[in-house]
2 protein chains.
Amino acid sequence: MPAPLIPKDEVSARLFGVFRTYGYEGATLARISEATGLGRASLYHYFPGGKDDMAREVLGVARGWLAQNVVAPLQSAASIHARIKTMLANLREGYSDGSASCVINLLGLGEADEKFHGDVNDTVELWLHALERLLKEAGITPARARRIALDAVVRVEGALVVARALHDKNVFLRTLYELERALSGEIDRA
Amino acid sequence: MPAPLIPKDEVSARLFGVFRTYGYEGATLARISEATGLGRASLYHYFPGGKDDMAREVLGVARGWLAQNVVAPLQSAASIHARIKTMLANLREGYSDGSASCVINLLGLGEADEKFHGDVNDTVELWLHALERLLKEAGITPARARRIALDAVVRVEGALVVARALHDKNVFLRTLYELERALSGEIDRA
DNA sequence: GTCTATAATAGGATAGAC
DNA sequence: GTCTATCCTATTATAGAC
């Protein structure tokens, strides 16, 4: 049995790139095969359930990324302001300053939504809960924390859409900057 | 020559529905044929360029909708606050209270982006300019008006993404309400 | 303007050898 | 774990009759 050409983690990472760029329907096996360097047979060896398995793996990657780059920083020992700064810096990097899309958006569309809504929902809630927890720690009421957290995620996702529509990364970068000021303001007021 | 089964405007409207729901790649001729009640031959009679022509028609419908439901209300004779209220009410209806997606998002993805970026960009700018004009009329500086307009569109698009991801229309409805307060606040301060 | 039929291709998925 | 070959379906698009 031949050795794997790529470690499985690397396969998952490249899968993630294809799905975030082209969406569920646009992520054809031809593109996936090219991006990973793996033939169809190898792909089905890793993911016996085919494209659906791959999409679920992609959402798993997204959750892992969030856990490491959003949840963990928001629970670190640093000051509340510093934790927010770290999350925003990680978002900038993860979304390539606003030129990359978000799988939460892409896998919530069309028929993909029906198949993967559970996973998409869980992924967003992971993000929301981490923000809510931080805001409550800062003395904000639970209801208000939920509202602010939702608004933050709304702005990030919206900025990605508009930045793409205008081909202008500054829309994303500026939105994150305004978000930092808005979140800091809420926390200082609490 | 048989009479048309549907007026052309109605065909365009149904096309719009299919593309906004399934995206460019998900909008298969089978689905389009079903939604319009037209056979393939009739579709190619209306749109000789095939799917690309249809997608461009869809973006034309979007611009027409914006002109009527966003640009015109924002330039009406009513008070500034009333004009904003009207735009937001129209957005609620046009996006079915947050359960429908936006073609600006869907046609800016994957390979559709390469084909239709010009039209997508124009559509967003139509919206932005209408908002900027209103804000400048209220005494806000051009640079600031641009920032506020971008933030408004960012929030609407983001709210649609998150509302879909959570299957919760309230995310959209509440975001529009907060947007009204935010815009009114900016105007009152100017 | 619509119909039926069909071409031509691309898509997802599987079988069996090594 | 990877390869080559293959199957089947769905997809876009066209041709020609009415």
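All chains are named by letter (A, B, ...) in the order of the sequence lines, taking the proteins before the strands, and each is independently numbered beginning at 1.
Following rounding to the nearest Å, A:Leu38 (CG) and D:dC3 (C1') show an atom-to-atom distance of 11 Å. Note: CG (B:Asp53) to P (D:dT14) measures 11 Å, nearest angstrom. In this entry the distance linking NE2 of B:His45 with P of C:dT2 reads 7 Å, nearest Å. Spacing between atom CD of B:Glu25 and atom C1' of D:dA10 amounts to 15 Å, rounded to whole angstrom units. The interatomic distance linking B:Tyr44 (OH) with D:dG16 (P) rounds to 17 Å, in whole Å. Per the geometry, OH belonging to A:Tyr46 stands 20 Å off P belonging to C:dG12, to the nearest Å. Separating the CZ atom of A:Phe47 from the P atom of D:dT2 is a distance of 12 Å, rounded to the nearest angstrom. Put simply, CZ on A:Arg31 is 10 Å from P on C:dG12, counting in whole angstrom units.
At a threshold of 4.5 Å between non-hydrogen side-chain atoms, the residues B:Val162 and A:Trp127 do not count as touching. A:Leu126 has its side chain out of reach of A:Thr123: every pair of non-hydrogen atoms, C-beta onward, lies at least 4.5 Å apart.
For B:Lys136, the NZ atom counts as densely surrounded, since its 6.0 Å shell holds more than 12 non-hydrogen atoms of other residues, nucleotides or ligands.
Formation of a donor-acceptor pair under 3.5 Å by the A:Arg155 side chain with backbone atoms of A:Thr175 is not found in this model.
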side-chain contact (heavy atoms from CB on, under 4.5 Å), that's the test. Do B:Arg92 and B:Tyr177 meet it? Break it down for me.
CA-CA 10 Å; B:Arg92 265 189 290 274; B:Tyr177 176 71; 5.9 Å; no

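For A:Lys51, whose side chain is taken as the heavy atoms from C-beta onward, the closest listed nucleotide among C:dA13, C:dC3, D:dC3 is C:dA13.
Where A:Leu29 and A:Ala41 each meet DNA chain C at their nearest nucleotide, the meeting point lying more 5' is that of A:Leu29. With DNA chain D read from its 5' end, the first of the two nearest nucleotides for A:Arg40 and A:Leu43 is the one closest to A:Leu43.
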Where each pair must be Watson-Crick or G-U wobble with both distances under 3.5 Å, what dot-bracket representation of DNA chain C is obtained, with crossing pairs in [ ] and other-strand partners as |?
||||||||||.|||||||

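Ion pairing between A:Glu157 and B:Arg164 fails under the 4.0 Å rule for side-chain N and carboxylate O.
Under the 30°/60° scheme for interplanar angles, the aromatic rings of A:Tyr24 and A:Phe19 are found to be tilted.
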